[in-house]
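Chain letters run A, B, ... following the sequence lines, proteins first, then strands; residues in each count from 1.
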There are 2 protein chains.
Amino acid sequence: MYLANPTQQTAVTTADKVFEQMQHAIVEGEITSGSKISEPELAKRYQISRSTLREALNRLEKCHLIERKANVGSRVVDCTIEGLLELYITREALEGMACRQAALNMSDEEIVDMQAMLKAHSQTQELKDGVAYYQEEGDLDFHYKVILGSHNKQLIDLICGQLYHLVRMYRCQFGMNSPRASRAFNEHSQIIQAICDRDGELAEILMRRHIAASRKNIENKIAEQNLTELINRK
Amino acid sequence: MYLANPTQQTAVTTADKVFEQMQHAIVEGEITSGSKISEPELAKRYQISRSTLREALNRLEKCHLIERKANVGSRVVDCTIEGLLELYITREALEGMACRQAALNMSDEEIVDMQAMLKAHSQTQELKDGVAYYQEEGDLDFHYKVILGSHNKQLIDLICGQLYHLVRMYRCQFGMNSPRASRAFNEHSQIIQAICDRDGELAEILMRRHIAASRKNIENKIAEQNLTELINRK
DNA sequence: TTTAGGCTTATTGTCGACAATTTCTTTTTA
DNA sequence: TAAAAAGAAATTGTCGACAATAAGCCTAAA
């Protein structure tokens, strides 16, 4: 069920395949966050020429996983707290709107499908209670469905094609197995209900709250951590 | 004052320069919207090798001005009504949030600067009343300032680095010299006031209304046009 | 000892050629 | 005549080599 690539564009060219491998490697942290990328080295590792490697790098840059400077080279983006919070702000705006559009544009079948997914998730969650991993994938599945449901190519491309690789990267690197699992679950059902009622305004508000809550959760953790650090220094 | 490239990253490499030239050519319609791109032909026209042309194409793809399919080639995006409306929806979400963040994060100097700009625009508008061109540039200037004022790299990159080239393209291709000039002007001052008051919530609402109003204005025009077409057919 | 300047090395940008794939044309067959 | 298959032409993807730029190192002067 879980899709790392919801837009479903299969890789045909070798640059595509290397792109997917590197994307995976960066998200999982195998290629260290913040590290410099050596074109000759990576070309050797993947057994390809520098040209096709550069093609792959271009796509990685497109989804904000690396940054390039002319005549200097590429670096893997480094995961910072500020970057994470900025990402949440952006998601709040985009996914909020996507959710509003989903309430207006989703077909009845899509809604039924989404409800079924939620039910399936609820059962696996009951079985594996406390195991956050499945909930994480379920969370992504849910968000993907809503975004695709907006039927807005621009939004879909921006969120699924670009931002979500970064989201997954942060989740992996910061080891975010959110303890908000059960709360998030209730929020998901509320959102689906609003979509089902075709209430775009409410759907947007709920989605924004849902994402803002995650952000605040993190902000609190940071504040907490800074506090204990302060105490330990004394 | 007016900036086509608000992020100010000067082109150093030849691929950069060709990218800027082609970007201009596409936005202005010199390279026809929807047309297929021939790599050999363009490489010859710009006197560069196919490799560096492809580098330029990659950047054009990054700001959604062209679309590529593996083993098939690139096309300039074609400007459709649906695409334009989707763009407005996306802008409403992103710029609304950027405006909220600007109210929270802009420095006092930035705000003063923005107020000065508005005043300057108001004077040129009084002088050249009815001439929409200056207002158009002024409109972009205003929006750029707000977006940069959000101090959110993610938002800035998405809007200024990607969406706004498309916005300018649509404006050129559809010849949108908005008759909303004077109304838009008042809306701009309201927004600046909200930012000045550090009222993020209101600032977002006003910006969203401002953009939504433009969208509805277009939707009405379309509906009107369809109506007259229907009548003429009889 | 530190800083400035020039040299060496390594990395990125650009080029032209070949391979793989698609598309168009022509030929064959029902 | 129409449809399908085979062949030809053109286009895109990939490769290795060279040129231009940046980074590191070493020497020399203050």
Just the rounded figure in Å: distance from C1' of D/dA23 to NZ of A/Lys69.
13 Å
Whole angstrom is fine here: how far is it from CZ in B/Arg75 over to C1' in C/dT23?
13 Å
Short side-chain N/O contact to D/dT14 OP1/OP2 from A/Thr14, under 4.0 Å:
yes
A/Leu57 CG to C/dT12 P, straight-line distance once rounded to whole Å:
9 Å
Heavy-atom nearest nucleotide on DNA chain D for B/Gly73 versus A/Ala70: which residue maps closer to 5'?
B/Gly73
Of the nucleotides C/dG16, C/dG13, D/dC15, which one has an atom closest to the side chain of B/Ser49?
C/dG16
Step through the shown structure and confirm whether more than 12 heavy atoms of other residues, nucleotides or ligands are within 6.0 Å of NZ on B/Lys36.
yes
Side-chain N or O of B/Lys36 closer than 4.0 Å to phosphate OP1/OP2 of D/dT12
yes
Determine whether more than 12 heavy atoms belonging to other residues, nucleotides or ligands lie under 6.0 Å from atom NZ of A/Lys44.
no
With the side chain defined as heavy atoms from C-beta on, A/Glu39 is closest, among D/dA23, C/dG13, C/dT22, to C/dG13
Looking at D/dT12, I'd like to know if its phosphate oxygens (OP1 or OP2) sit under 4.0 Å from a side-chain N or O belonging to A/Thr13.
no
Gap between atoms NZ and C1', on A/Lys17 and D/dG13 respectively (whole Å)
12 Å
Classify the nucleic acid contact of B/Leu53 as base, sugar-phosphate or nothing, counting any heavy atom under 4.0 Å across all strands shown.
nothing
Just one of B/Glu41, B/Glu39, B/Glu55 clears the salt bridge (charged side-chain N to carboxylate O under 4.0 Å, His left out) bar with B/Arg50, so which one?
B/Glu39
Between A/Ser38 and B/Ile48, just flag the one whose closest nucleotide in DNA chain C comes earlier from the 5' side.
A/Ser38
Among the candidates D/dT12, D/dC15, D/dA17, find the nucleotide nearest to the side-chain atoms of B/Arg54.
D/dT12
In whole angstroms, the gap separating C1' of D/dT12 from CG of B/Asn58 amounts to 13 Å
So how far is it from B/Thr90 OG1 to A/Asn152 CG, rounded to the nearest 0.5 Å?
4.5 Å
When we call it a touch if two heavy atoms are under 4.0 Å apart, what does B/Val12 touch: a base, just sugar-phosphate, or nothing?
nothing
Donor-acceptor pair, distance only, cut-off 3.5 Å: does the side chain of B/Ser35 make one with the backbone of B/Arg75?
no
Rounding to a whole Å, what distance do you find between A/Phe19:CZ and D/dG13:P?
15 Å
With a 4.0 Å cut-off on heavy atoms, is A/Ser51 in touch with a base, just the backbone sugar-phosphate, or nothing at all?
base
Distance in angstrom units between A/Arg50 CZ and D/dA17 C1', rounded:
10 Å
When we call it a touch if two heavy atoms are under 4.0 Å apart, what does A/Ile37 touch: a base, just sugar-phosphate, or nothing?
sugar-phosphate
Grab the CG-P distance between B/Asn71 and D/dG13 for me, whole Å please.
6 Å
